[in-house]
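A short write-up of the structure that comes next.
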Amino acid sequence: MNRAEIVLKCPACAARVRVRASAHGKRVRCPNPDCGRLIRLPESELDEQSSIPSYVWWLLSFTIGIPVLALAGAGIWFFGLRAPQPPRPADPLPKIPPQAAVPVAPPEMPKAKPQVPMPPLEPELPELPEELKALLTVRDDLVVPIPQDHERQAQRYRDMLAWNQKTLRHAYDQVGMKDPRWDAAARQALDLAARFFSHAVDPAVSLDEVHAATKNAGDAGCEDPLIYYLFARSSYVPNYPGPAELDRRYTHAALALKKSAYPAFRRMNALSKAASHRCTDSQASPQALKEAGEMADAALALVATSAAEDDRNPDLEAHWFEACRSGIEVYRKLAGDHQAGFDRVDKLLAKTPALEALRLKVKGDFFIRYAWHARGSGLANTVTEEGWRKFKERLGQAKEALEQAWKIQPDDPATSTRMITITMALTGSREDMELWFERAIKADGNSREACAAKMDFLDPKWRGTAEELLAFGKACRDTRNWRAGITVLGTEPYVRIAQLRVEHLRPFFRAPAVRETVEAVYDEYLTHHPHDHGRRTEYAIWCHYFGRYGDSNKHFRVLGDNVIRPWWVTEAGLNNIRNWVARHGPGAAKLP
């Protein structure tokens, strides 16, 4: 077919119609004379080429069109109806009230699987035997009150603070290396040290605070020997520089103070401390030991100077006593013999008749410790016959010296306290023990050492019973003397009794009577003595015993490296407790 022509059939008579291609879209008349109908030509060649019957078009439209419409509807739903629609304008017509919802039953949920109970943090506590239950109630008829003169004891602390201020800050103002560049920092350090040495409370002072103040003075250029001594004296955790550097600091301060005009006992303390640290190392060289001996000689010579120049009081005499004990230890290391160490100190003290009471007290204290050295620390059945002989012989020498010291100076509680220990070890006389305890408390109602000595005597493994020990613990708590720590000492009977029945330790400690007593005592004490690392360590251990793992962990975190192990816990036991509460007690309770 010529593409310039269009051929089609007349829809009326079927006659063939041939026209030019340019006639698309026009009308032509059918060439059949009998028909003559006007025929509309197709608009394009596509219409002209389509020769498919109409019924086929309908079939194809139905077959193809329906799926196409379905896909188009799905597209409109996906891209239109599912997309977030903008809010429609409010319908002005009244809304049709909603129909009541038809209740639909919720789908049946699968049954929960039975939960496996969590294992307990610790084994179930055993039942307390009746004899231990009976000890939870203290017999009032056995409680003997400890005499307390609260005003006199408070005055004792005030006097101690005034004396330390006089021999620290006031001494600096008189003979110190003053300079406006560091005077303020130096005086602050001396005031803090006076409060620390006087056990002042509300607020209490920590060694860390003293160290920071002395460092501030040093950074400002201060080279005063007393400030430098306090810098060394406070160089402990968290400011511990290591043994070599600490030894250097003590030695530098001591040698500088030795040539100063500060009070004699301050110079004595510095030299005594330096001598002790110089020979602390078991592998100390002969030269180090020689230098330690020379500083100890200088310290003990200053005891006599102090007796002649310083204002005499109980605190001063306590410093003399400690310097003498330190000197004995230094000389023991030099000579390799206990007796030789004591003899050297005794010879120096004998030169000053005014120090006779001190000399006898030092002798009594030495022979008590020397007696225990002969006996050993084991149980009685481990002591040899020779050990028992030396034990009793040396205690006899101690007893004789202390009785003479008390006659010269009956108001010294340290002498009476040591006589309690001798009575416990030699005769066990309850009457004698009570006599010496009464004398010690009369001399100083704050004497925690005297209360501790009586507690040793009443321990069931020595001369007392569990009932007597608990009654004395209650008497200690009833003193309300938290400042001296006597109330805290009153919790020790529980520990001593539990050690005899270790298998029942936890249920005994968790009894309400024990827990309430211990918590009340330590909460009160640590409120006033927050920097007492020893007591805080004890309370951390108690909290673990009570199951208060979060509180225990918090106390250990506050302590950091300042943990001080109490006598009633082994090193391994303490580490186990710390590790346990670190895992099971991460929480933190509010602390006093």
Side-chain angles (χ1 to χ4, degrees), residues 153-236 239 246 249-274 299 302-303 305-320 322-323 446 483 528-532:
Q153 290 160 211
Q155 184 61 48
R156 174 76 180 82
Y157 284 113
R158 290 193 290 268
D159 293 343
M160 186 187 304
L161 178 58
W163 178 72
N164 275 306
Q165 290 172 335
K166 177 182 178 181
T167 57
L168 289 170
R169 177 172 177 171
H170 295 171
Y172 172 81
D173 288 339
Q174 292 176 353
V175 301
M177 299 172 61
K178 297 181 292 298
D179 190 289
R181 291 175 295 170
W182 61 73
D183 281 344
R187 291 185 177 112
Q188 181 190 24
L190 294 164
D191 286 341
L192 288 172
R195 290 187 63 82
F196 177 81
F197 293 144
S198 304
H199 314 293
V201 295
D202 305 329
V205 174
S206 69
L207 267 183
D208 192 21
E209 293 174 280
V210 176
H211 188 82
T214 57
K215 188 174 186 302
N216 288 340
D219 290 344
C222 180
E223 295 182 353
D224 183 85
L226 184 57
I227 295 297
Y228 201 89
Y229 168 71
L230 293 177
F231 177 70
R233 177 71 174 78
S234 59
S235 295
Y236 293 94
N239 303 297
L246 183 60
R249 292 180 186 181
Y250 267 122
T251 300
H252 175 81
L255 296 180
L257 267 174
K258 180 182 178 182
K259 296 179 289 186
S260 76
Y262 276 108
F265 90 93
R266 292 292 178 196
R267 291 178 276 153
M268 174 200 73
N269 278 348
L271 288 161
S272 178
K273 287 280 188 182
L302 283 167
V303 173
T305 305
S306 177
E309 297 178 357
D310 296 330
D311 295 335
R312 192 160 183 167
N313 58 62
D315 298 307
L316 179 64
E317 295 189 17
H319 285 286
W320 294 346
E322 289 303 321
N446 293 323
R483 185 162 188 178
H528 304 285
H529 297 278
H531 307 299
D532 190 330

Requested in this report: Can you label the angle between the Phe265 ring and the Trp163 ring as parallel, tilted or perpendicular, going by 30° and 60°?
Outcome: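 Correct class here is parallel.
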
Distance (rounded to the nearest 0.5 Å) between [X] [atom1] and [Y] [atom2]:
X	Y	atom1	atom2	answer
Asp310	Glu317	CG	CD	11.5 Å
Leu230	Tyr172	CG	OH	12.0 Å
Asn446	Met160	CG	CE	7.5 Å
Asp202	His529	CG	NE2	8.0 Å
Lys273	Tyr229	NZ	OH	6.0 Å
Ile227	Leu190	CD1	CG	4.0 Å

Sequence-distant partners of [X], salt bridge (charged side-chain N to carboxylate O under 4.0 Å, His left out), two or more places apart:
X	answer
Asp532	Arg535
Asp311	Lys166
Lys258	none

**Report entry** Test log, rule side chain to side chain contact (heavy atoms under 4.5 Å, CB included), inputs Leu302 and Leu271
**Finding:** CA-CA 9 Å; Leu302 283 167; Leu271 288 161; 3.6 Å; yes

Query raised in the report: Is the closest side-chain heavy-atom distance between Phe197 and His319 below 4.5 Å?
Result: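 A side-chain contact is absent here, since even the closest heavy-atom pair is not under 4.5 Å.
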
Query raised in the report: Does some side-chain heavy atom of Val205 sit less than 4.5 Å from a side-chain heavy atom of His531?
Result: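 No, their side chains stay 4.5 Å or more apart.
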
**Report entry** Carboxylate-amine/guanidinium contact Arg195 Asp191, below 4.0 Å
**Finding:**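 No, Arg195 and Asp191 are not salt-bridged.
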
**Report entry** SB check Asp224 Lys178 (cutoff 4.0 Å)
**Finding:**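 No salt bridge links Asp224 with Lys178.
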
Nearest non-hydrogen partners of [X] and [Y], listed with the distance:
X	Y	value
Tyr157	Ser198	CD2-O, 3.8 Å
Tyr250	Ala274	O-CB, 3.7 Å
Ser235	His211	OG-CE1, 3.4 Å
Asn313	Leu316	OD1-N, 2.8 Å
Arg266	Leu257	O-CD1, 4.2 Å
Ala186	Ala217	N-CB, 3.9 Å

Report task. Run the numbers on Tyr236 and Leu246 for side chain to side chain contact (heavy atoms under 4.5 Å, CB included), then give the verdict. Result -> CA-CA 9 Å; Tyr236 293 94; Leu246 183 60; 3.9 Å; yes

Query - Modelled atom types, side-chain donor and acceptor of Arg158 and Gln155, under 3.5 Å - result: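 Arg158 vs Gln155: donor-acceptor pair found between side chains.
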
Query raised in the report: Taking atom types as modelled, is there a side-chain donor on Ser260 or Arg267 under 3.5 Å from an acceptor on the other?
Result: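 Side-chain D/A pair, Ser260 to Arg267: absent.
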
Query raised in the report: For Ala307, does its backbone N or O pair with a side-chain atom of Trp320 as donor and acceptor, under 3.5 Å?
Result: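 Checking the backbone N and O of Ala307 against the side chain of Trp320, no donor-acceptor pair under 3.5 Å is found.
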
Query - N/O donor-acceptor pair under 3.5 Å between Glu209 side chain and Ser206 backbone - result: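 Judged by distance alone, yes, a pair lies under 3.5 Å.
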
**Report entry** Test side chain to side chain contact (heavy atoms under 4.5 Å, CB included) applied to Gln153 and Arg483, step by step
**Finding:** CA-CA 10 Å; Gln153 290 160 211; Arg483 185 162 188 178; over 6 Å; no

Query raised in the report: Name the one of Leu207, Val210, Leu168 that satisfies side chain to side chain contact (heavy atoms under 4.5 Å, CB included) with Leu192?
Result: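 The side chain to side chain contact (heavy atoms under 4.5 Å, CB included) with Leu192 is passed solely by Val210 among Leu207, Val210, Leu168.
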
Report task. Quick one: do Tyr228 and Arg249 satisfy side chain to side chain contact (heavy atoms under 4.5 Å, CB included)? Show the steps, please. Result -> CA-CA 8 Å; Tyr228 201 89; Arg249 292 180 186 181; 3.9 Å; yes

